[in-house]
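Keep in mind that what you see is a predicted model, and the values were worked out from it rather than measured. Reminder, nothing fancy here: chain letters follow the sequence lines and each chain counts from 1.
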Amino acid sequence: MIQCKTSKAISGMGHSMKRKEDIRFIQGRGHYVDDIKLDGMLYMDITRSPYAYAKIKNIDISEAMKVPGVVAVITGKDLEKYNLHWMPTIMSDTQMVLPTDTVMYQAQEVAAVIATSRYAARDGREAVKVEYEPMQALVDPFKAMDPSSPVLRTDKPGKTDNHIWHWEAGDKAKTEKVFSEAAVVVKEQMHIPRIHVSSIETCGCVADYDKINNHLTMYMTTQAPHVLRTVFALVAGHVGLTEEKIRVVSPDIGGGFGGKVPVYPGYVIAIAVSFLVGKPVKWIEDRSENLQADSFARDYHITAEMAGTKEGKILATRFKVLADHGYTDAAANPSKYPAGLFSIATGSYDYGTAFVEADAVYTNKPPGGVAYRCSFRVTEAVHAIERMTDRYALEIGKDPAQLRMDNFIKKEDFPWHSPTGWIYDSGDYHAGLQKAMDVVGYADLRKEQVEKRAKGELMGIGISTFTEIVGAGPSKDFDILGIKMFDSAEIRVHPTGKAIARFGTKSQGQGHETTYAQIIAEELGIPAENIQVEEGDTDTAPYGLGTYASRSTPTAGAAAAVAARKLRDKARKIAAYLLEVSEDDLEWEPGKFFVKGAPEKVKTIQELVFAAYTNFPQGMEAGFEATHYYDPPNLTFPSGAYICVVDIDKETGGIHVRRFVAIDDCGHIINPMIVQGQVHGGLTQGIAPAMYEELIYDEAGNILNGTLMDYLVPTAVESPKWETGHVVTPSPHHPIGAKGVGESPTVGSPPAIANAIIDALSPFGITHLDIPITPFKVWKALKEKGAYGK
Amino acid sequence: MNTTITKSFHVENSIEDVWANLTNPEKVVVCVPGASLTEKVDDNNYKGGVELKFGPVKASYGGLITFTERDPVAHKMTLKGTGTDSKGKGSAEMVMTGNLTQKDNGTDVNVSMEVSIAGMLAQFGSRLINDVSNHVFDQFVSNFKAQLSGQEVDSSLSAGSMVGSVIKGIFGGKKS
């Protein structure tokens, strides 16, 4: 299906080249932040609050200071002297670095212990005595919205409630009119639960402040090193740490998934301590700290409604959201989109109107709202629309596949203007679903289902035909803290024709070292294996906004293609000079220019690069390098058609995923093997919230599953066999027609699983269950509906 | 993390004897496994401590025990204990209500215990809290009965037997 323009030796786009980075990873030679050991390095551990909401009456550090090896204990009062006890969040809210008087969630940082070894730091942490006066925590977001509830953010002058922001998109009046006149209206209250990214590597850093040169090197687990350097300069500029004095280095990262975008207090404390003591300070979270205190994802309570005709034409959707952000809005969204890209909420369907609105609220829970392997809240939108599409089909008794086919945006209608203001670039939704139905054998499965139902067996088929919205983003709409969301590539080709390319993004396992090299190989004809890719060092890489929201290929990948084309133009000039012909007489084939009609008159790219250093035309600038900062004209809109088949054991509620077919459209594919790996990983992280994961808090704000003993992250054992495939509709505005794929499967798969389970249970009158749909939830629902007799 | 457990039992002692023990902190507190009295503040308030073990997690709560109600006519009492872990890892609160009624030649004792725990123990022990509380309560009842029949009370906490009992509870189909 995929046609390659380059030879295997060059390995441009479409080749399943093995990942260059895997040579070190599979030999245990990756270099992660915890592998960094510096002379005189100290270790930091953090004392955390056992309460979700409490006044700090006293912090007694005397016992901790007696622990052998402990050199300092830092509290909020210490940071307050330097005005470093608060910091801004990416969403322009404020967050405590260390508290001076109140803790706002369980596991919040309270004091930092600095010691000569990690063990001493941990012992010291246990010896810090904190006297608290617990207060009644506000945990339920609906209760927190109640005007009679106490105000949590008393640090904000004049704040009289717990409301953070209200945001809306679409046409309210028009939508209400359609709803009031529609023959069929379906409605469900749903919760997309609070979950955690649980990457294999937890967060950590080594802050290394050099007093002599007034220079900070910050080795850290971050998906966005450049933006963080700017944030650090904004936070610490007043104590002399200005941006040119800060170097952020993001080494190999063991998974980010959005959880390594925010600035966590631990990073800032480590910087402050290194600054104060003049020595490197290492801080590495343990597994429970990572789960309990780092940014959560999702936690949207959605009232979802869909209106349509009796025959199955969707007319309108209306979604009302309550977003629980914990005690501060520490989400990672573009500035103008407090609810991220939730307004993509019309999905893959062609209908006239929609209205979405969201309110955000403070509670006594950890802060965040990161986009866990998704483009800024698109997962929540996709879940609502795909669940409601099935709900509507169920209501009118129509096959959900047919209903989708009847409502899809047609291939010829792209670019398509959505009622909430997005311009979809390209897609062929009919082809995608048809392919998925063919692979899974849809018609036969429906027949089998009828037979099974007659025997009292539970089998369900669930579909999700979703549209993603990625590649943030165009500078006219997208910025973080005012910085436009472009991304960058810098290519330097050495005289012998080998290259180094540097990017503003940062891979956390996506395979950038391979895919970026393949993009450049495609455009320049230099073999991908001769192109070294570097990211993550702000001293060397060009400024960029980082890797999250499936933006690397749409932005930095595009920058690489454009920069490579600038170099190809230069190569053409040199070729014309060397071959003594006009530029117009030259023809390009990956790796060489030759004279039209005289293919023996040829110069390879290696010869042309060498000439750029040794024999270039008079007046031409020497060297062979180019940089490009790419500002995307639009977002890209990958899509997918997923079908899931489940069998449910009626007696136990046990759910077995029998089949899962995922047909993705991510535009032109750079490396099919890497795409398949991305899809497998993403689907597994989709089954996680659908069937297993949820962070649970009791009414006092205690997290009840704060370890991986209780918080079930699916492993290979829980993962079904994934069947993958593709439809390709290239993005018309992207230089190489690519769209981004890393997140599609995480975004699109949860509703396919939920829809399959509900489809199995629908004969009992069950129309909706909130994810994660566990065996217990299924069994309870069946029992309530009288499935086991009275 | 909250759990409420109610237990009723019958003893052969007179209601006045039972009432005297139930409302005497020096008698009633020692029946709670792991609990100890350290200081009398006044007639209604005492200082003391409780030690709890959930497998590897040990918490030792020091705090205040208060009789908020002692009604000798209705034979009803309420005892409230609040404590914080000595290392700042969390806190526990227990409200125990006791109600006595004369029955035949003895006394019916109705005791309920509402326990709420915050902090580390709530995080790690959420699945066990009900069973552990139940076990603690069972031990309290047997200690209280033993005390009424004049026997010496062992108020020490046996973590091993507690875990064993919890496991038996989980796998033995015990309704808690």
At a 4.5 Å cut-off on heavy atoms, which part of Val110(A) comes close to chain B: side chain, backbone, both, or neither?
neither

Are Tyr327(A) and Tyr362(A) an aromatic pair by the rule of ring centers under 6.0 Å?
no

Over 60° means perpendicular and under 30° means parallel, so tell me whether Phe137(B) and Phe140(B) are parallel, tilted or perpendicular.
tilted

Heavy-atom pairs under 4.5 Å with chain B are the metric here; pick the option from Glu126(A), Lys129(A), Arg48(A) that has the most.
Glu126(A)

Distance to the ring centre below 6.0 angstrom and angle to the axis at most 45 degrees; does that hold for Arg70(B) and Phe67(B)?
yes

cation_pi(Arg118(A), Tyr43(A)) dist<6.0 Å, angle<=45
no

Turns out that what part of Asp85(B) lies under 4.5 Å from chain A's heavy atoms comes down to neither

Interface moiety of Ser91(B) toward chain A, non-hydrogen atoms closer than 4.5 Å:
both

